[in-house]
Amino acid sequence: MTENLRKKTFKGIVWSYVSKFGTQIAAILPAMILTRLLEPSDYGLIAMTGIFTGIAFLLADGGFGTALIQKKDADHLDYCSVFYFNLSVHILMYICVFFAAPYCASYFNEERLTPIIRISALNLVFLAIGNIHANLLKKQLEFKKPAIRNITVQIISAVIAIILAFAGYGVWALVVQGLCQTLMGSIANWMISKWRPTMTFSFSRIRQLFKFGSNILLSGVIGYVLGRVYDIIIGKYYSSKDLALYNRGFTTAAIFSDSLSGMYTSVAFPLFSKMQSDKQRLLLNVRRFVIISCMVMFPVTMVMIVLASPFIIFMYSSKWILVIPFFQLVCIMSLFSPIIGLSETMLLALGSSDKYLILSIIRKIFFVIAALITWRYGIIYMLLGQIACRIIELLILNLFIREKVNYSMWKFAKDLVPYTFISLLIMATAYGVDYLTNSLLTTFHLHEMIHSAIRLIVCGGISISLFLLIYIRTGLYGYKELLLFVNDSIGSNSFLHKLAPKGMDL
């Protein structure tokens with residue numbers, strides 16, 4: 001049983017990573033084309049649209065997806081009830097957004113937003129069609145098929161967007177891309193999932209699931225509204241271009257934070273839910289997940305802070321060079337993501353949605369206060385305020401974690417100190433290597449994309465080599481645990497033996 005769960009977990013992590021990383025790659029290549037064809041203001045209009053459609057998505061979901069995964073004995077009646085209820089609510093929410101679109105557009109003084117919001121909001125209906133199937137696959141720790149689905153849908157929708165951008169459709173290329181992703185994703189869910197709704201429904205099941213999901217819903221709505229304060233302020237008092245630059249900093253950093261941190265949290269929730277009655281085992285796995293994820297994410301994120309300039313220029317061209325400081329600050333913020341994400345996941349797995357709600361309210365209050373204090377001084381100061389809030393959020397979250405599994409901040413720090421020190425060493429090395437490489441390449445007057453690509457390859461290759469050299473030599477706990485986990489899940493092979501520290505028995 002334990003071995004089977006471990007293999008499922010490893011496969012889940014692998015396919016979750018394939019899904020996130022593959023989707024990111026499938027999005028990166030088109031983005032390199034689209035950002036050169038479209039203007040930053042086009043992306044700003046999409047960001048403005050997302051502010052209002054995003055809240056509709058949260059309200060329509062109602063927290064039922066998370067509730068279904070958390071409920072151990074969820075049956076066919078539960079799934080059917082949620083399917084029909086969500087579909088009805090999603091349609092109702094679309095009607096509300098349709099009529100509210102002109103008021104949303106007037107807030108930003110952008111008349112172009114009205115049709116964009118109305119068309120983009122169709123994603124509400126498209127999502128409801130296949131959302132239950134997606135939750136069921138996640139609950140069953142089935143990540144392979146969704147991974148293939150995500151990558152395929154991303155590629156097809158991106159190709160359509162590029163064709164439209166070349167044809168001169170501007171911002172509508174991005175609108176259609178979003179619609180294609182959601183619609184094709186839902187259709188694919190029906191194709192890869194065996195579950196089918198039948199004509200059965202129970203209000204009592206809806207009420208039962210809503211008791212848990214309501215806290216998730218309220219937390220999500222509060223978190224979304226308060227978290228979007230920055231977008232609302234920037235869109236209103238700055239410009240659509242500034243909003244695009246701000247959002248591009250987050251989406252670019254997400255290439256690494258979502259791929260490296262998100263893949264663990266997506267697998268951790270169903271796994272931790274199965275361990276909720278054994279807190280000792282749960283604590284062991286929380287520590288393992290935190291250490292392994294930070295061991296990988298810290299050096300990658302720190303190196304990307306150093307390589308921000310060549311990375312942004314390579315990805316989007318020098319037209320987006322103003323994104324660089326935003327990207328660097330968001331990378332610093334994302335260093336806390338694996339710890340916060342896994343800790344929150346553990347709370348939800350234990351059924352503590354009430355504490356999750358309290359935490360969400362507290363941290364968003366701090367974010368709003370920071371926004372109100374810093375918005376007059378510029379976007380850089382707004383991001384610095386968010387970093388301070390993330391630190392406070394981590395401290396508050398740890399109070400709840402200590403109560404549940406006795407994992408104190410001191411233990412967090414003790415677990416992560418060696419991996420943080422190694423990451424800083426790799427970061428310093430990357431800075432030196434990039435400085436020398438850039439100085440040398442400047443004399444050749446290369447095209448900016450080629451110049452940036454060489455810097456990334458040289459510095460990235462040396463950083464990876466140094467990472468492996470240090471961990472193979474030191475044999476720290478996190479590195480050994482990662483190798484053991486892989487070995488126990490897929491079996492021993494010669495490649496793993498080469499990566500193992502001296503004296504480690506695989």
Side-chain angles (χ1 to χ4, degrees), residues 40-63 93-94 96-97 100-110 113-114 116-118 120-121 123-124 127 174-175 178 216-254 257-258 262 323 326 329-330 333-334 336-337 340-341 344 356-357 359-376 378-390 392-393:
S41 59
D42 292 327
Y43 286 90
L45 290 173
I46 295 299
M48 291 175 180
T49 300
I51 293 173
F52 297 103
T53 57
I55 187 65
F57 278 102
L58 283 173
L59 291 171
D61 178 74
M93 290 305 303
Y94 172 74
C96 293
V97 171
Y103 302 100
C104 300
S106 65
Y107 174 81
F108 289 119
N109 297 317
E110 278 282 0
L113 279 180
T114 299
I116 294 174
I117 292 174
R118 285 174 170 173
S120 297
N123 282 314
L124 281 162
L127 180 66
L174 300 175
V175 174
I216 305 299
L217 170 63
L218 186 56
S219 172
V221 170
I222 293 173
Y224 182 85
V225 173
L226 299 183
R228 284 287 192 168
V229 166
Y230 290 86
D231 285 0
I232 294 172
I233 291 175
I234 295 171
K236 177 69 174 178
Y237 296 104
Y238 289 82
S239 67
S240 59
K241 179 180 178 180
D242 290 323
L243 181 58
L245 295 172
Y246 173 81
N247 276 275
R248 181 60 55 177
F250 275 91
T251 55
T252 306
S257 61
D258 284 359
V323 173
F326 300 163
L329 290 173
V330 175
M333 198 185 312
S334 67
F336 305 101
S337 297
I340 292 175
E344 289 178 337
Y356 181 84
L357 172 61
L359 175 66
S360 297
I361 294 173
I362 293 174
R363 69 184 176 187
K364 293 308 177 183
I365 289 175
F366 279 110
F367 268 83
V368 172
I369 293 173
L372 295 176
I373 293 174
T374 60
W375 74 272
R376 289 183 175 88
I379 299 176
I380 294 292
Y381 285 94
M382 295 174 75
L383 286 169
L384 289 173
Q386 291 185 52
I387 293 174
C389 289
R390 292 291 277 181
I392 295 172
E393 177 184 354

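FYI, side chains are in, hydrogens and waters are out, and symmetry mates aren't considered; it's all heavy atoms of this structure. Quick caveat, the model's predicted, so the values are computed rather than measured.
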Chemist: Could you measure the distance from the OG1 atom of Thr53 to the CE atom of Met93? Nearest 0.5 Å is fine.
Modeler: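 It comes to 10.5 Å.
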Chemist: Taking all non-hydrogen atoms of both residues, which atom of Tyr238 and which atom of Ile379 are closest, and how far apart?
Modeler: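 In this case the closest contact between Tyr238 and Ile379 is OH-N, 4.3 Å.
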Chemist: From Cys389 SG over to Leu383 CG, what is the distance, rounded to the nearest 0.5 angstrom?
Modeler: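 Interatomic distance, Cys389 SG to Leu383 CG, rounded to 0.5 Å: 11.5 Å.
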Chemist: To the nearest 0.5 angstrom, please state how far the CG atom of Asp42 sits from the CD1 atom of Ile46.
Modeler: 8.0 Å
Chemist: Under the salt bridge (Lys or Arg N to Asp or Glu O under 4.0 Å) test, which residues partner Glu393, sequence neighbours left out?
Modeler: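 Per chain and number, Glu393 pairs via salt bridge (Lys or Arg N to Asp or Glu O under 4.0 Å) with Arg363, Arg390.
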Chemist: Check Gly235 against Met48 and note the closest heavy-atom contact, atom names and distance.
Modeler: O-CE, 3.9 Å
Chemist: Could you report the tightest heavy-atom contact between Arg228 and Ala47, atom names first, then the distance?
Modeler: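 Where Arg228 meets Ala47 most closely, the heavy atoms are NH1-O, 4.1 Å.
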Chemist: Does NZ or CZ of Arg248 lie under 6.0 Å from the centre of the six-membered ring of Phe326, at an angle within 45° of the ring axis?
Modeler: no
Chemist: Side chain to side chain contact (heavy atoms under 4.5 Å, CB included), that's the test. Do Tyr103 and Phe52 meet it? Break it down for me.
Modeler: CA-CA 11 Å; Tyr103 302 100; Phe52 297 103; over 6 Å; no
Chemist: Roughly how far, to the nearest 0.5 Å, is CG of Leu174 from OH of Tyr43?
Modeler: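 Between atom OH of Tyr43 and atom CG of Leu174 there are 5.0 Å.
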Chemist: Do Tyr246 and Val323 come within less than 4.5 Å of each other through their side chains, counting heavy atoms only?
Modeler: no
Chemist: Roughly how far, to the nearest 0.5 Å, is CD1 of Ile387 from CE of Met382?
Modeler: 13.0 Å
Chemist: Okay, side chain of Tyr381, backbone of Arg376: is any donor-acceptor separation there less than 3.5 Å?
Modeler: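 Between the backbone of Arg376 and the side chain of Tyr381 there is no qualifying donor-acceptor contact (under 3.5 Å).
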Chemist: Give, for atom CG of Leu372 and atom CD1 of Ile233, the distance between the pair rounded to the nearest 0.5 Å.
Modeler: 6.0 Å
Chemist: Cation over ring, Lys236 on Tyr107, under 6.0 Å and within 45°?
Modeler: yes
Chemist: Can a donor-acceptor pair be found, under 3.5 Å and without considering hydrogens, that links the side chain of Asn123 to the backbone of Ser120?
Modeler: yes
Chemist: Which pair of heavy atoms, one from Ala121 and one from Tyr94, lies closest together, and at what distance?
Modeler: O-CD1, 3.3 Å
Chemist: Identify the two heavy atoms, one from Ala105 and one from Thr114, that lie closest to each other, and give their separation to 0.1 Å.
Modeler: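 Heavy atoms only, the tightest pair is CB-OG1, 3.4 Å.
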Chemist: Does Ser41 reach the main-chain N or O of Gly44 with its side chain, forming a donor-acceptor pair under 3.5 Å?
Modeler: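 No, because the side chain of Ser41 does not come within donor-acceptor range (under 3.5 Å) of the backbone of Gly44.
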Chemist: Can you list everything that forms a ring-ring contact (aromatic ring centres under 6.0 Å, His included) with Tyr237? Sequence neighbours excluded, please.
Modeler: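 Here the qualifying residues are Trp375.
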Chemist: Are more than 12 heavy atoms, taken from residues, nucleotides or ligands other than Phe366, located less than 6.0 Å from that residue's CZ atom?
Modeler: no
